[in-house]
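What follows is a single structure, written as structure tokens, with notes after it.
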Amino acid sequence: MGRKSIVLCGFMGCGKSTIGSLLARKMGMAFIDMDSYIEKKDGRKVSEIFEQSGEEHFRMLEREAAKELAGKKGLVIATGGGTLTFRENVDALKKSGSIVLLDLPVEAVEERLKYDTTRPLLARPDKAQVIRELYSKRLPLYREAADISVDASNSPMQICMEIMSEL
Ligand code: S3P
């Protein structure tokens, strides 16, 4: 029986990739960023997949990635902001790991994503409104999926320490 994985969950911009790579280093575990994993397998950027093949196709690739990664042990996994809003992905990933919500207030999310141009779902003139709508729909789902929740407004180091002490 190998070590359980740690699966980071939360809205775009909450720090899943930054915290994930730091946490993996501190824990001596391998780090996988799900978006990068999908990009590597598909050969296109997430934004190109959305643009050329649509969101549904991306969600299918994401589902496949969740299943594959759930079959491995001892990983720190940074999910995409949409991954754990789907029951199927939660069920798969929960089997192999503990789900940790990086909880960040919507105002902070908005501030962090203000100048971001990499997220296809936010490439719209009414960005702030889209963030608020998606955020309020998703937060309850993240909370339901998560085993523990940490305050993601703190520094990356503090957040890692909190995760390590709570798990
Ligand atoms: C998405 C979040 C992105 C990426 C894709 C869809 C979402 O990941 O998976 O653009 O639905 O919230 P990040 O949370 O790493 O930005």
Side-chain angles (χ1 to χ4, degrees), residues 5-24 30-70 75-94 97 99-146 149-154 156 159-160 163:
S5 290
I6 301 174
V7 181
L8 300 181
C9 154
F11 203 80
M12 291 173 264
C14 72
K16 299 179 295 288
S17 306
T18 308
I19 307 300
S21 79
L22 182 62
L23 183 66
F31 172 62
I32 301 270
D33 182 88
M34 259 179 85
D35 284 340
S36 311
Y37 181 87
I38 293 168
E39 289 179 342
K40 210 165 172 186
K41 266 186 79 180
D42 187 85
R44 291 178 292 175
K45 293 264 161 218
V46 169
S47 58
E48 292 168 336
I49 301 174
F50 267 75
E51 205 177 296
Q52 296 164 7
S53 309
E55 178 172 353
E56 273 316 301
H57 184 73
F58 173 77
R59 297 300 174 199
M60 194 264 287
L61 300 175
E62 184 175 54
R63 230 167 16 246
E64 267 177 24
K67 289 214 184 79
E68 287 168 14
L69 296 174
L75 300 175
V76 174
I77 302 170
T79 61
T83 314
L84 295 167
T85 63
F86 297 96
R87 187 79 239 170
E88 214 180 323
N89 297 336
V90 176
D91 290 344
L93 288 164
K94 234 188 206 321
I99 302 180
V100 178
L101 171 59
L102 301 184
D103 202 0
L104 191 68
V106 71
E107 295 76 19
V109 167
E110 250 187 83
E111 189 57 36
R112 288 192 191 181
L113 297 176
K114 214 180 210 165
Y115 302 109
D116 177 80
T117 54
T118 63
R119 268 86 172 189
L121 291 175
L122 305 181
R124 313 168 32 148
D126 55 345
K127 188 175 184 176
Q129 198 185 331
V130 174
I131 291 178
R132 284 183 184 256
E133 281 173 14
L134 262 186
Y135 185 97
S136 61
K137 255 194 244 154
R138 288 174 167 187
L139 189 60
L141 301 172
Y142 295 150
R143 293 216 164 117
E144 200 185 313
S149 167
V150 297
D151 180 357
S153 324
N154 293 324
I159 297 170
C160 286
I163 295 172

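What you see is a predicted model; the values in this text were computed from it and never measured. As the structure lists them, so they are numbered: ligands from 1, and atoms in each ligand from 1. Here, residue 1 is the first one in the sequence, and each next residue gets the next number.
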Find all atoms of ligand 1 within a distance of less than 4.0 Å from any non-hydrogen atom belonging to [X], and give their numbers and elements.
| X | answer |
| --- | --- |
| Lys16 | 13 (P), 14 (O) |
| Val46 | 5 (C), 10 (O) |
| Arg119 | 16 (O) |
| Pro120 | 10 (O) |

Can you tell which of Glu39, Met12, Lys45, Arg59 gets a heavy atom nearest to atom 11 (O) of ligand 1?
Arg59
Closest to atom 4 (C) of ligand 1 among Asp35, Thr83, Ile38 (heavy-atom distance):
Asp35
At a non-hydrogen distance cut-off of under 4.0 Å, which region of Thr85 contacts ligand 1 (side chain, backbone, both, or neither)?
neither
Under 4.0 Å between a Lys/Arg side-chain N and an Asp/Glu carboxylate O for [X] and [Y]?
| X | Y | result |
| --- | --- | --- |
| Lys16 | Asp33 | no |
| Lys67 | Glu64 | no |
| Glu62 | Arg59 | yes |

At what distance, to the nearest 0.5 angstrom, does CG of Leu23 lie from CZ of Phe31?
9.5 Å
What do you reckon, does Gly81 have a nitrogen or oxygen under 3.5 Å from a nitrogen or oxygen of ligand 1?
yes
Please say whether more than 12 non-hydrogen atoms of neighbouring residues, nucleotides or ligands are located less than 6.0 Å from NZ in Lys45.
no
With a 6.0 Å cut-off (strictly less than), is the heavy-atom count around CD of Gln52, excluding the residue itself, greater than 12?
yes
How are the rings of Tyr142 and Phe11 set to each other: parallel, tilted or perpendicular (split at 30° and 60°)?
perpendicular
So which protein heavy atom does atom 7 (C) of ligand 1 come closest to, and at what separation?
Gly82 N, 3.3 Å
Does ligand 1 have any atom that is closer than 4.0 Å to a heavy atom of Arg138?
yes
